[in-house]
Enquirer: 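Please see the structure below; I have some questions.
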There are 2 protein chains.
Amino acid sequence: MGKNTYICAIKVLKLILSKKTKYAMVALARLARDYGREPIQIRDIAESEKIPQRFLENILLELRKLGILGSKLGKEGGYFLLKKPSEVSLLEIVRHFEGTIALMYCVSEKAYQPCEFCKDEATCRIRKVFKDVRDTTYEILKRTSLESLIQDQPRS
Amino acid sequence: MGKNTYICAIKVLKLILSKKTKYAMVALARLARDYGREPIQIRDIAESEKIPQRFLENILLELRKLGILGSKLGKEGGYFLLKKPSEVSLLEIVRHFEGTIALMYCVSEKAYQPCEFCKDEATCRIRKVFKDVRDTTYEILKRTSLESLIQDQPRS
DNA sequence: ACAATGTCGACCAATTAAGTGAACAAATGT
DNA sequence: ACATTTGTTCACTTAATTGGTCGACATTGT
């Protein structure tokens with residue numbers, strides 16, 4: 001068997017969002033659905049959304065440090081949304097967990113680095129294409145809030 | 001020093017295109033500029049576009065197997081575009097080297113996999129957002145050909 | 001024959017993704 | 001005071017990918 005032999009294996013693709021980002025979005029949608037109520041425990045979210053609990057702990061912790069979630073220790077403790085669901089956009093979630101939404105550093109706002117190829121970024125055609133892609137992605141994610149994720153969704 | 005100590009290190013971000021994809025686009029733009037002429041040698045491209053030569057060999061080989069490039073062995077050999085620059089879109093390049101342009105498997109055409117979370121993909125709100133992102137990315141990359149990359153560009 | 005060129009397969013180092021585990025800290029009910 | 005529940009932190013693991021490099025081989029023109 002060669003080293004590149006795959007048996008029913010799934011190739012992980014680079015552009016695909018990490019599971020961390022997806023878990024974060026799913027967990028936040030759940031917390032948005034219960035916005036204004038009692039804190040929800042990690043175990044609850046892990047079970048109902050099918051997210052590995054220990055992994056989810058890390059993710060919720062990051063979201064708390066980001067200022068999106070609050071937590072309460074002890075019995076009846078748990079996590080809850082600090083901001084209103086309409087005030088949390090997918091843009092900030094994806095950007096935090098992926099670092100940037102751009103496909104090239106030279107069109108990133110958050111992780112900009114000068115291009116290694118082109119002499120002049122202002123006229124570079126490749127850059128212009130991926131700037132367009134970034135800008136439309138930005139607009140779509142910016143206008144999508146947690147609230148718009150939970151409209152007309154069943155309670156669970 | 002802890003294991004996670006970074007000194008002036010650059011974090012590699014997942015959504016960023018791989019260097020392979022970028023090198024492929026740059027090399028193809030170069031070959032498009034010289035479309036209809038003699039084959040161009042790997043070394044030439046590597047030097048003028050500043051791409052590691054051994055790495056570029058792999059990339060050009062892949063593009064040949066894809067049917068975009070042709071090659072000629074022996075003295076005066078090299079690579080050349082098989083298709084017209086206007087007939088090669090960035091979409092097929094990115095898709096080949098990244099596997100897909102989608103950010104989630106459930107909205108990918110080339111690498112579709114059912115969603116692990118939602119009960120109904122047709123109504124899933126998260127999916128809808130990333131389907132929008134994919135579709136606009138698709139349109140932009142589809143309409144961008146090698147020809148549009150080299151218009152008004154200096155010869156070297 | 002020989003030199004220039006592409007072809008192919010194997011190999012490598014560094015990094016990341018996706019978790020797991022264990023010990024600790026804080027709040028609460030009794 | 002104490003046990004229990006819950007969150008917090010840091011270190012660790014395993015498998016895979018990225019970004020190359022290397023050496024031998026095949027083909028072509030002169």
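Per chain, numbering begins at 1; letters A, B, ... match sequence-line order. Predicted, not measured: the structure shown is a model, and the values here were computed from it.
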Enquirer: Given 3.5 Å as the limit, does a donor-acceptor pair link the side chain of B:S108 with the main chain of B:M104, or not?
Expert: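 Between the backbone of B:M104 and the side chain of B:S108 there is no qualifying donor-acceptor contact (under 3.5 Å).
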
Enquirer: When the distance from CG of A:L56 to P of C:dA18 is rounded to whole Å, what number comes out?
Expert: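 Answer to the nearest Å: 15 Å.
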
Enquirer: Could you give the CG-to-P distance, from B:D44 to C:dT5, as a whole number of Å?
Expert: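 One finds 9 Å between P of C:dT5 and CG of B:D44, rounded.
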
Enquirer: Check this for me, if you would: do B:E57 and B:R54 make a salt bridge, where the nitrogen-to-carboxylate-oxygen distance has to be below 4.0 angstrom?
Expert: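 Salt bridge flag = yes for B:R54 with B:E57.
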
Enquirer: With heavy atoms under 4.0 Å as the rule, sort B:I42 into base, sugar-phosphate or nothing.
Expert: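 Sugar-phosphate, backbone atoms only, no base.
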
Enquirer: Taking the basic N atoms (NZ, or NE/NH1/NH2) and the acidic carboxylate oxygens, is any pair closer than 4.0 Å for B:E109 and B:R95?
Expert: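 Salt bridge flag = yes for B:R95 with B:E109.
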
Enquirer: Between B:F97 (CZ) and D:dG19 (P), how many Å, whole number?
Expert: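 These atoms are roughly 12 Å apart.
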
Enquirer: Rounded to the nearest angstrom, tell me the gap between atom CD in A:E76 and atom P in D:dT6.
Expert: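 Interatomic distance, CD of A:E76 to P of D:dT6: 7 Å.
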
Enquirer: Please report the distance, rounded to the nearest Å, between CZ in A:R43 and C1' in D:dG7.
Expert: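 It works out to 12 Å between those atoms.
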
Enquirer: Between A:G77 and B:K75, which is nearer to the 5' end of DNA chain D once each is assigned its nearest nucleotide?
Expert: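 Checking each residue's closest nucleotide, the 5'-ward one belongs to A:G77.
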
Enquirer: Without decimals, in angstroms, what is the distance between B:L15 CG and C:dT16 C1'?
Expert: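 The distance from CG of B:L15 to C1' of C:dT16 comes to 13 Å, rounded to the nearest Å.
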
Enquirer: Whole angstroms only, please: what is the NZ-P distance between A:K20 and C:dT16?
Expert: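 After rounding, the gap between these two atoms is 12 Å.
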
Enquirer: Nearest heavy atom decides the nucleotide; on that basis, is B:G74 or A:L73 closer to the 5' end of DNA chain C?
Expert: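 Here B:G74 is the residue nearer the 5' end.
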
Enquirer: Got a salt bridge between B:E92 and B:K83, using NZ or NE/NH1/NH2 to carboxylate O under 4.0 Å?
Expert: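 Answer for the salt bridge query: yes.
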
Enquirer: Under the side chain to side chain contact (heavy atoms under 4.5 Å, CB included) rule, what do B:K20 and B:I59 come out as? Steps first, then yes or no, please.
Expert: CA-CA 7 Å; B:K20 210 167 182 179; B:I59 295 166; 3.7 Å; yes

Enquirer: Would B:L82 and B:I45 show up in the same hydrophobic cluster when neighbours are defined by side-chain heavy atoms closer than 4.5 Å?
Expert: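 Per the 4.5 Å side-chain linkage, B:L82 and B:I45 are not co-clustered.
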
Enquirer: Using links of under 4.5 Å between side-chain heavy atoms of ILVMFWY residues, direct or through other members, which residues join B:Y112 in one cluster?
Expert: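 Direct or chained contacts put B:Y112 with none.
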
Enquirer: Please encode protein proximity along nucleotides 20-25 of chain D as a string of B, S and -, counting only heavy-atom distances under 4.0 Å.
Expert: BBBB--

Enquirer: Kindly indicate, with the supporting measurements, whether the criterion side-chain hydrogen bond (donor to acceptor under 3.5 Å, both in side chains) is fulfilled by B:S18 and B:E98.
Expert: CA-CA 8 Å; B:S18 68; B:E98 302 290 340; 3.1 Å; yes

Enquirer: Whether B:E121 and B:K131 form a salt bridge (side-chain N of Lys/Arg under 4.0 Å from carboxylate O of Asp/Glu) is what I want to check.
Expert: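 Salt bridge: no.
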
Enquirer: Below 4.0 angstrom, which residues in residues 61-72 of chain A have at least one non-hydrogen atom near DNA chain C?
Expert: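 Within this stretch, A:K72 sit under 4.0 Å of the strand.
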
Enquirer: A:I40 has an atom CD1; how far is it from atom P of D:dG7, in whole Å?
Expert: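 Rounding to the nearest Å, CD1 of A:I40 and P of D:dG7 are 11 Å apart.
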
